[in-house]
Amino acid sequence: MKRFFFGLEGKQNISDPGGLLLHSELQALRAAQRLAAELANYRPDLRGNTSVVVTAKDQRDYYYVLV
C-alpha cells in the first residue's frame with residue numbers, strides 16, 4: 001500500500017499532512033474524484049477554479065481533478 005496526499009490548489013490552497021493509505025493510483029484517483037464532486041456540491045464557489053491534487057509519497061507524479 002502507498003500513502004497518497006489530497007491537497008487543493010486554486011482559489012483555495014490546502015495541503016494534506018496525513019494522507020491516506022491506498023492500494024493503487026486508481027483508488028487514489030477515484031477518491032480524488034469523489035472529493036471533487038463533494039466539494040462542488042458543498043462549496044460551489046470552488047467550481048471551475050480549484051483542483052484536488054493527488055500525490056504519492058516519494059513520487060513526482062501528480063493527478064489533478066477539477067472541482
Side-chain angles (χ1 to χ4, degrees):
M1 288 181 51
K2 291 190 212 177
R3 183 167 300 276
F4 292 91
F5 299 89
F6 300 85
L8 297 181
E9 285 187 11
K11 183 176 180 181
Q12 186 169 1
N13 295 328
I14 297 175
S15 63
D16 176 8
L20 294 172
L21 287 173
L22 299 170
H23 289 285
S24 68
E25 286 84 5
L26 182 57
Q27 279 188 325
L29 183 58
R30 288 181 178 158
Q33 290 170 330
R34 285 191 305 270
L35 177 57
E38 288 181 20
L39 284 170
N41 284 332
Y42 293 107
R43 293 285 310 271
D45 60 306
L46 298 180
R47 287 185 202 152
N49 59 25
T50 301
S51 294
V52 176
V53 181
V54 182
T55 57
K57 188 172 184 172
D58 300 329
Q59 289 187 343
R60 294 184 181 197
D61 294 332
Y62 296 91
Y63 301 98
Y64 290 84
V65 179
L66 188 62
V67 173

*Residues forming a side-chain hydrogen bond (donor to acceptor under 3.5 Å, both in side chains) with D16, sequence neighbours excluded*: none
*For K2, side-chain hydrogen bond (donor to acceptor under 3.5 Å, both in side chains) partners two or more places apart*: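 Residues passing side-chain hydrogen bond (donor to acceptor under 3.5 Å, both in side chains) with K2: E25.
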*May I ask you to test the L8-V53 pair for a side-chain heavy-atom distance under 4.5 Å?*
no
Atom pair [atom1] ([X]) and [atom2] ([Y]), whose distance is rounded to the nearest 0.5 Å:
X   : Y   : atom1 : atom2 : answer
I14 : E9  : CD1   : CD    : 11.5 Å
T55 : Y64 : OG1   : OH    : 9.0 Å
Q12 : S51 : CD    : OG    : 13.0 Å
L66 : L46 : CG    : CG    : 10.5 Å

*Work out which heavy atom in A28 is nearest to a heavy atom in L22; give both atom names and the distance.*
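Distance-wise, the nearest heavy atoms are CA-CD1, 3.6 Å.
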*Search all heavy atoms of A32 against all heavy atoms of F6 and return the closest pair with its distance.*
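Looking at all heavy atoms of both residues, the closest pair is N-CE2, 3.9 Å.
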*Does the pair V54 and L29 meet the rule for a side chain to side chain contact (heavy atoms under 4.5 Å, CB included), with working shown?*
CA-CA 7 Å; V54 182; L29 183 58; 5.7 Å; no
*Same apolar cluster (I L V M F W Y, side chains within < 4.5 Å links), Y63/F5*: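 Y63 does not cluster with F5.
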*Which pairs count as side-chain hydrogen bond (donor to acceptor under 3.5 Å, both in side chains) when at least one residue sits in residues 27-38, sequence neighbours excluded?*
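Qualifying pairs, neighbours excluded: none.
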_side chain to side chain contact (heavy atoms under 4.5 Å, CB included) assessment of L39 paired with V52_ = CA-CA 9 Å; L39 284 170; V52 176; 4.2 Å; yes
